[in-house]
Protein chains: 2
Amino acid sequence: MANVSVASVSRALNGHGGVTAETQKRIREVAARLRYVPHSAARSLITRRTQTIGALLPDLHGAFFSELIRGIDLAARKRGLYLLVSSSHGDATEAAVALRAMQGRVDGLLVMSPHADSAFLDDNLPIVLPTVLINSHVRSERHAALDVDDHGGAFAMVEHLIGLGRQRIVFIAGPKVNHDVQERERGYRDALGRAGLADTATILSGDFTEESGYRAGREALAMQPRPDAIFAANDMMAIGCLSALAEAGVRTPEDIAVTGFDDIPMARYVTPALSTVRVRIAELGEAALEVLVRAIEAPDDAPPEPRAVVGTELVVRASCGGNERIRRRD
Amino acid sequence: MANVSVASVSRALNGHGGVTAETQKRIREVAARLRYVPHSAARSLITRRTQTIGALLPDLHGAFFSELIRGIDLAARKRGLYLLVSSSHGDATEAAVALRAMQGRVDGLLVMSPHADSAFLDDNLPIVLPTVLINSHVRSERHAALDVDDHGGAFAMVEHLIGLGRQRIVFIAGPKVNHDVQERERGYRDALGRAGLADTATILSGDFTEESGYRAGREALAMQPRPDAIFAANDMMAIGCLSALAEAGVRTPEDIAVTGFDDIPMARYVTPALSTVRVRIAELGEAALEVLVRAIEAPDDAPPEPRAVVGTELVVRASCGGNERIRRRD
DNA sequence: GCGCGCAACGTAAACGTTTTCACGCAAGGT
DNA sequence: ACCTTGCGTGAAAACGTTTACGTTGCGCGC
């Protein structure tokens, strides 16, 4: 309709040059008038690019999931990339199916899955597909990885408690297999160690539920001597712990300080408001996508970027007895 | 490698018949051994199907977003469909760009956008692309639509309050343009009308924030005669309202009952625990996807399905003075 | 024994792009 | 006046499937 060949249309619309400014303008006008949209499948067929990245996520609820997607989506849109998500797969088999199904539909993959161990990835990922592992415990030479700075966040929180004069700080752990939990516990131990309190380390078990926090709180109350601070591996357990303390007539933070991890929306509303470590989840998503983009653009044989970490913020509210504030850590 | 033509490979792998069971088996084996995955772009090019559906969502945070995606994803995976999401676009221009960009990459579209009015859709949607509108105020003959039963949920809540003997029930509204708010208000008015209390209807303004709920709570306290129940259009405002009441030394629910809408996770943890209306969001997503699938499979000239609605549940906790329970409504 | 039909399979066109290559033409240098 | 250069453009191949159509071989009925 613009009296040119398809080749010129392609050149004009992609701005590759090689066409007069005048013909380019004409082609663009006709294209707009006809509401022409390039057929993406045909384009992908020849370019071997889909302009799409895939996100493989576990069965995640609530704020973490939505913030992560939000960050990824934001960064993807900025680069004109599409986002194919496959979330809420419960077991490794489902994850494997989803992973294989993404083959060929995406230029790169963001994988956050508790099921994704080394063997799993080797079995189901073609070597050629750039992949970024999020919060994964697998240490792979072949894939880039990005984690939350669980260690640093926990370290900062415990150091803060120590700075407030707390001497007997108990840690409520979460599910043992969880990589985040292990790192948070390590941060707890390291901070104690640095203050010369290594031998006071006490770990109560929990499973991330409010219920288990409540039980751990009661255990803590029964200890001799009583701890003067409780650091839970996540906010829900800290909230359960608060109930246990309140029920026993123990004052927070005067008698025992209580802190959590995650800064879920609820943390601000419980009484007393919960001190916690905020994870900048959207930022995690954005950063992951950017690492992935670089991996996609890099030559095939380039080594993956070194493992990186996104920062956390210490959120000081009433439950630990400090002055309320937020301190950002990068 | 299996000594057959590409045509037979295609037939074998797609199970179209026309090949011996024996050759089919052989082809399948070779394919598995070579880790062959069909090139989806090439397939889409010829079949004109992408096996992908797109979801266009506004800048949504928290549980609503994640639950919705979860429902959609679950239903999509069940049908072997992929999910392309584009969320968190702030204004109509961004939404339009996202919408156009999805052209040709998806077989159908799920649109939930406050910016998506009739004109917007007409401008940016090709007529041929099956589309389901979620929680939209536009009444279009061309697209199917699915809404939350805001009216029914609000109606049930107000009826419940009336059943508990409350006579002066105030409603805290949300943003005026919001379709959900309008429907919730309508449910409130209808329930009052049915009980012969139409002339007691009182609307306080709010904007969905906790802060505005707090202000509305103070307004309510100043009214003469004082209301004996406050129904907020969402939970955050109800929570703000609770603070205002507690601050004034007014007892909940004895003096004034307070209820919300949404059943956000926090609702259960405030004091007193908040009675509210739970929206089955994941179910909304699933249902929307299924309507969409039917629209895709229907002949092009078939009329869209009639507008449908997904149910809500009345969640009775302490803040309204009834016996705690959950009542499901379909 | 011959033709017919049918099942199994192969051949090749088609899908809509991008990109390489060739071509024509104008400008500029010898 | 001729060759070179470079730029704008068109022709055609290529991407990897699906599918309409053609071909083959076999069994069966006459």
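A note on names: the letters A, B, ... follow the listed sequences, proteins ahead of strands, and every chain is numbered from 1.
Contacts of B/T23 with the nucleic acid, taken as non-hydrogen atoms under 4.0 Å apart, involve only primed sugar atoms and P, OP1 or OP2. As judged by a 4.0 angstrom heavy-atom cut-off over every strand, B/R11 is placed among the base-contacting residues. Within the 4.0 angstrom heavy-atom criterion, only backbone atoms of the sugar-phosphate kind lie near A/T47; the bases stay farther away. Within the nucleic acid shown, A/V4 comes within 4.0 Å of sugar-phosphate atoms alone, with no base atom in reach, counting heavy atoms only.
Taking atom CG on B/L13 and atom C1' on D/dT19, their separation rounds to 16 Å, with Å as the unit. Between B/N14 atom CG and D/dT19 atom C1' there is a gap of 11 Å when expressed in whole angstrom units. A straight line from CG of B/L45 to P of C/dA13 spans 17 Å, rounded to a whole angstrom. As rounded to whole Å, 20 Å separates atom C1' of C/dT17 from atom CZ of B/R43. Between B/R49 atom CZ and D/dT19 atom C1' there is a gap of 16 Å when expressed in whole angstrom units. What separates CD1 of B/I46 from P of C/dA12 is a distance of 17 Å, to the nearest Å. Note: CG (A/N3) to C1' (D/dG10) measures 13 Å, nearest angstrom. The distance between atom NE2 of A/H16 and atom P of D/dG8, rounded to the nearest whole Å, is 15 Å.
Both A/V6 and B/V6 lie near DNA chain C, and the one whose nearest nucleotide falls closer to the 5' end is B/V6. Nearer to the 5' terminus of DNA chain C, by closest-nucleotide assignment, is the contact made by B/T20 (compared with the other of B/A42 and B/T20).
Applying the 4.0 Å criterion to OP1 and OP2 of D/dG8, one finds that A/S8 has every side-chain N and O outside that range. Contact check, A/S10 against C/dT19: no side-chain N or O comes under 4.0 Å of OP1 or OP2. Side-chain nitrogen and oxygen atoms of B/R48 include at least one within less than 4.0 Å of the OP1 or OP2 phosphate oxygen of C/dG16. Of the side-chain N and O atoms in A/S5, none sit less than 4.0 angstrom from OP1 or OP2 of D/dT9. Dashed line: the shortest gap from a side-chain N or O of A/H39 to OP1 or OP2 of C/dC15 is not under 4.0 Å.
Residue B/N135 is tested with B/N178, B/D147, B/V279 for a side chain to side chain contact (heavy atoms under 4.5 Å, CB included); the sole match is B/D147.
For the pair A/E29 and A/K25, the salt-bridge criterion is met [side-chain N within less than 4.0 Å of a carboxylate O].
Side chains of A/I72 and A/I53 form a contact here, defined as non-hydrogen atoms less than 4.5 Å apart.
Closest approach to the A/A7 side chain among D/dC15, D/dT17, D/dA12 is made by D/dA12 (side chain taken as heavy atoms from C-beta onward).
B/N14 places no side-chain N or O within 3.5 Å of a backbone atom of B/H16 that could act as its donor or acceptor partner. Not a single donor-acceptor pair under 3.5 Å links the side chain of A/T52 to the backbone N or O of A/L83.
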